Amino acid sequence: MPYTRSVAVNLLPVAAAAGELAGRSGIREALQWFTREKQWVNDIHLQICRVPAPTFLEQERADWLAAQFRSIGWHVGIDRAGNVLASIDAQPEGQLIVLTAHLDTVLAPRTKEDISIDRDGDMRGPGVSDNGAGLAALLAIARAVKSGPDSTGLWNRLLLVANVGEEGEGDLCGIRHICRQPELLQRIHAFLVLDGAATDHITIQGLGSRRFEITFSGAGGHSWSDFGIGNPVHALSRAVALFVDQRPVDPRSTPKVSVNVGIIEGGASINAIPPSARAKVDIRSESDEKIDQLVALLQNSVNRAEEIENARATGSKVSARVREIGSRPAARLATDAPIVARIRSVDAHLGIRSRLDCASTDANIPLSLGVPAVCIGAGGQGGGAHTAAEWYRSAGRDLGLKRILLAAALLLQDSASE
């Protein structure tokens, strides 16, 4: 039997299970809520995005979300890391399913007007898709499950988390904090991470990355009278060139690897030798081994650039420092893992075509610890992530929300039997 046909046949019983669950009282009402209350979800999404939350400065948005959860009737707390945790029971018992979306954005609106709705009804502004869409989904799920009866107490073990520090140098600190609590972690059956909009993917592989700050320091001085002393900008430029050119990275290589020097800073005047210069470097791969090789190459390039600059200097010399500022472990889930089968079954029931993919998300941390985790979109469409021109279109959002709710319900059902 051809592979694709065998997969379709194998999914039939599981898809039927998703369909049966969708017809149950309580689940059915929650699914209907998403279609009935589209405007409420759109409105709350706009309000979320107008509360600024750049990485490390998420408290205002965290407080706002906590108040929203409380108004819906959920028990809420904010932990030491700044994560917002919401549950129906004050002290939920048993195995938990964690539904999480990150609070922070790469860019933040300067004024509320930076987040707007255009003539076509699209939302525009920094963070509207990544991850305004995910946060709006958390609140929509919270309201939807309260819209109908829950005679079995199914939702009592659902833990909603709006977490800090997913973007950039946040280094997944919010999810790390959750996973560093042994008593909590051992009770978590699975993580369902919501990030962005699209429903065409199931991220089962965590893209690994390591990030570094390179700093060259020297005495600094006048470009003419002090010429000959070590120049940190010259040394830094040489280090970057050596790193990028010494062993060029082929973007078509397998496993895939990427390197990026995203920030270079140093100097104050064209006629002054700067006392310092720094750069920030991002190295990514599906393989931790490949990352380690590039980290070694980076360190060698910095050392060599320092040696060359100091060999040429007739006066004071430069010194170099490489400091790691972020590390995301590469990890992956088996393609036949139960959590993947459950989401695929929901997709089959809803008529969603999705693919398995690899990305750097909050799922990296639980996956690296052996805890099942996947990342999916929250519904709708979005683009321009990490720019001021980011956009979000709500058409199809209710399908994405139904997907999330059914997947969470199936996982809660599975965990109840363990």
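Note that the structure is predicted; figures quoted are calculated from it, not measured.
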Q. How about Asn271 and Ser269: does a side-chain donor come under 3.5 Å of a side-chain acceptor?
A. yes
Extract all donor-acceptor atom pairs below 3.5 Å that involve side chains of residues 249-256 and protein atoms in other chains or at least two apart in sequence.
unit_1	atom_1	unit_2	atom_2	d
Asp250	OD1	Arg252	N	2.8
Asp250	OD1	Arg252	NE	3.1
Ser253	OG	Asp250	O	2.9

Q) Which residue pairs pass the ring-ring contact (aromatic ring centres under 6.0 Å, His included) test when at least one of the two sits in residues 362-413, sequence neighbours left out? A) His45-Tyr392
Q: Mind checking side chain to side chain contact (heavy atoms under 4.5 Å, CB included) for Glu213 and listing every partner two or more places apart, or none if nothing turns up?
A: Thr215, Arg278, Lys280, Arg321, Arg323, Ile325
Q | Side-chain donor-acceptor pair present, Asp195, Thr361, cut-off under 3.5 Å | A | no
(Q) Whether the Asp200 and Ser354 side chains hold a donor-acceptor pair (N or O, under 3.5 Å, no angle test) is what I'd like checked. (A) no
Q. Is it true that the side chains of Asn42 and Arg397 contain a donor and an acceptor less than 3.5 Å apart?
A. yes
Q | Residues that Asp245 engages under side chain to side chain donor-acceptor pair (under 3.5 Å), provided they are two or more places apart | A | none
Q | Partners passing side chain to side chain contact (heavy atoms under 4.5 Å, CB included) against Ala305 (at least two apart in sequence or in another chain) | A | Phe216, Arg238, Ala239, Leu242
**Q.** By salt bridge (charged side-chain N to carboxylate O under 4.0 Å, His left out) - contacts of Lys38 (at least two apart)
**A.** Asp398
(Q) Once side chain to side chain contact (heavy atoms under 4.5 Å, CB included) is applied, do any residues pair with Asp118, and if so which ones, sequence neighbours excluded? (A) Asp120, Asp122, Arg124
**Q.** For Asp292, salt bridge (charged side-chain N to carboxylate O under 4.0 Å, His left out) partners two or more places apart
**A.** Arg210
Quiz: residues 366-374 side-chain donor-acceptor pairs under 3.5 angstrom, not counting sequence neighbours:
unit_1	atom_1	unit_2	atom_2	d
Ser368	OG	Asn364	O	3.4
Ser368	OG	Ile365	O	2.7

**Q.** Polar contact flag, side-chain donor to acceptor under 3.5 angstrom, Asp130-His102
**A.** yes
Q: Scan residues 47-57 for pairs that pass side-chain hydrogen bond (donor to acceptor under 3.5 Å, both in side chains), counting only residues two or more places apart or in two chains.
A: Thr55-Asp104
Q) Can you find a side-chain donor-acceptor pair between Arg157 and Ser415 that sits under 3.5 Å? A) yes
Q | Residues in side chain to side chain contact (heavy atoms under 4.5 Å, CB included) contact with Arg110, at least two apart in sequence or another chain | A | Asp114
Q. Partners of Arg328 by salt bridge (charged side-chain N to carboxylate O under 4.0 Å, His left out), sequence neighbours excluded?
A. Glu166
